[in-house]
Amino acid sequence: METISGVLQMGGYGGYVWPAYGVSAVVLVLVLVASLISARHAEAELEQLQLTRRARRGAGRDAAAPDTAMVESPE
Amino acid sequence: MHRFANPARFLRLAKVILPYSSGIAVLSLGFGLWFALAASPADYQQGDSVRIMYVHVPSAWMGMFCYVAMAAFSAMALIWKHPLADLLAKATAPVGAAFTFLCLVTGSLWGKPMWGTWWAWDARLTSMLILLFLYLGYMALINAFDDPERGHKAAAILALVGAVNVPVIKWSVDWWNTLHQPASVVKMGGPAIDPSMLLPLLLMALGFKAYWVCILLLRGRAEIAAQKIRVIRMAQIHAASRGE
């Protein structure tokens, strides 16, 4: 117990040392989490877009003109 | 250099590097924290407050390193129209801003007990604050345009102009009378610091560097995906308008 309180006190500088490490940990973890989320999010959205595009192309291939099938279908 | 210009190659490379960079980051920060907080001695003058240095100094190095990297990527983007350079510069900016912010905060937390003040308008501190504003300005500018290419160009120019500040920070302690102490690690005649204190410092610096690599790869991936999404969306809009 004495060693734990000793570590927390940091020779009287605990009130400066621990906040310094705490703020650093929080900021670096936040940047990491934000980067992970943005990568996952963007890659998932891209995959979804590519899947629907491929599905449409696949459907178009059954028709006579594969590349223009999607574009000209309303006419 | 142009072998890495291809986004597909970047993605393949990122996949290979990411496990290593995250492993190095976790290990060196783990051991670094152990030495920084427990297994290194208190300073004979500063007491345990010297432990703040093990985040403060590597953060300051990273704040400047990231800016140099950002300016170099920006130069590549402007001069050679390197397709990935803009994305890597953009990916580096938030990491540099985070480390510069941490450098200022931890410096302030050390300054209060050691100098008796949270802040002083001296050359080193002020030039570091300007570095933070340069990062924030860069991030605001790059997202301020509807056309991402114009944003990239404007931000790249800001990054290059702002690079003047980096040598000012480095030598501010020699050029002006300042409260801040001069360099003790990177100096002529070798580092003037005990090995027991140099070890946690270098471990934390290595960990931060590996952390930057991880974030660069993750954000690079996100930017490449976002760019592809933009292209597909544009093609869809184009196709839809032709279809009517």
Side-chain angles (χ1 to χ4, degrees), chain A residues 2-57 59-60 63 65-75, chain B residues 14 22 25 29 33 36-38 42 46-56 58-59 91 94-95 97-99 101-102 105-114 204 207-208 211 214-229 232-233 235-236 238-240 242-244:
Chain A
E2 261 183 68
T3 52
I4 290 175
S5 70
V7 166
L8 287 179
Q9 276 171 6
M10 279 284 167
Y13 294 111
Y16 301 102
V17 174
W18 291 113
Y21 281 83
V23 172
S24 305
V26 168
V27 168
L28 294 184
V29 167
L30 279 180
V31 171
L32 177 64
V33 169
S35 307
L36 274 172
I37 289 175
S38 75
R40 294 254 164 90
H41 187 84
E43 279 168 356
E45 191 183 346
L46 176 64
E47 202 172 338
Q48 199 57 46
L49 270 177
Q50 282 171 336
L51 275 178
T52 53
R53 205 164 62 143
R54 225 168 280 151
R56 275 191 204 162
R57 284 220 176 130
D67 278 330
T68 52
M70 192 180 77
V71 175
E72 291 177 347
S73 55
E75 290 179 358
Chain B
S22 35
L29 289 180
L33 281 176
L37 289 169
Q46 303 173 23
D48 280 304
S49 79
V50 73
R51 303 189 192 283
I52 294 174
M53 288 301 122
Y54 304 130
V55 273
H56 173 72
S59 296
V95 187
F99 279 117
F101 171 75
L102 289 178
V105 170
T106 55
S108 188
L109 282 163
W110 181 87
K112 185 60 187 163
M114 288 297 116
M204 295 297 285
F208 283 177
Y211 171 89
C214 296
I215 302 291
L216 189 68
L217 297 177
L218 286 173
R219 292 197 162 251
R221 266 169 48 186
E223 288 292 334
I224 287 172
Q227 212 168 41
K228 284 182 184 163
I229 290 169
I232 293 176
R233 286 265 153 80
Q236 280 177 342
H238 197 63
R242 270 202 307 173
E244 280 169 9

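Naming convention: chains lettered A, B, ... in sequence-line order (proteins, then strands); numbering from 1 in each chain.
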Verdict with supporting geometry, A:V23 and B:V55, side-chain contact (heavy atoms from CB on, under 4.5 Å): CA-CA 10 Å; A:V23 172; B:V55 273; over 6 Å; no

Trace of the side-chain contact (heavy atoms from CB on, under 4.5 Å) decision for A:Y21 with B:T106: CA-CA 8 Å; A:Y21 281 83; B:T106 55; over 6 Å; no

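Both the backbone and the side chain of B:I229 come within contact range of chain A, judged by heavy atoms closer than 4.5 Å. Heavy atoms of A:L30 lying under 4.5 Å from chain B are absent altogether. Residue contact with chain A, scored on non-hydrogen atoms closer than 4.5 Å, involves the side chain of B:L33 exclusively. Neither the backbone nor the side chain of B:M53 comes within less than 4.5 Å of any heavy atom of chain A. Both the backbone and the side chain of A:Y16 come within contact range of chain B, each with at least one heavy atom under 4.5 Å from a heavy atom of that chain.
Residues A:L28 and B:L102 are in side-chain contact: their nearest non-hydrogen atoms beyond the backbone lie under 4.5 Å apart. Between B:R233 and A:L49, the closest side-chain pair of non-hydrogen atoms falls below 4.5 Å.
Around atom CD of A:E47, no more than 12 heavy atoms belonging to other residues, nucleotides or ligands sit under 6.0 Å away.
Closest approach of B:D48 to A:V17, counting heavy atoms only: O-CG2, 3.6 Å. Contact detail for A:A42 and B:A226: the closest heavy-atom pair is CB-N, 4.4 Å. Of all heavy-atom pairs spanning A:S35 and B:I215, the tightest one is OG-CG2, 3.5 Å. Between B:A98 and A:V31, the closest heavy-atom pair is CB-CG2, 3.9 Å. Considering every non-hydrogen atom in both B:R221 and A:A39, the closest pair reads NH2-CB, 4.3 Å. Residues A:L32 and B:Y211 approach most closely at N-OH, 3.6 Å, considering heavy atoms.
For the set B:L29, B:I232, B:I224, the entry with the most heavy-atom pairs within less than 4.5 Å of chain A is B:I232. Of the listed residues (A:G14, A:S24, A:S38), the greatest number of heavy-atom pairs within a distance under 4.5 Å of chain B belongs to A:S24.
To the nearest 0.5 Å, the span separating NZ on B:K228 from CD on A:E43 amounts to 8.5 Å. A distance of 9.0 Å separates CH2 in A:W18 from CZ in B:R51, rounded to the nearest 0.5 Å.
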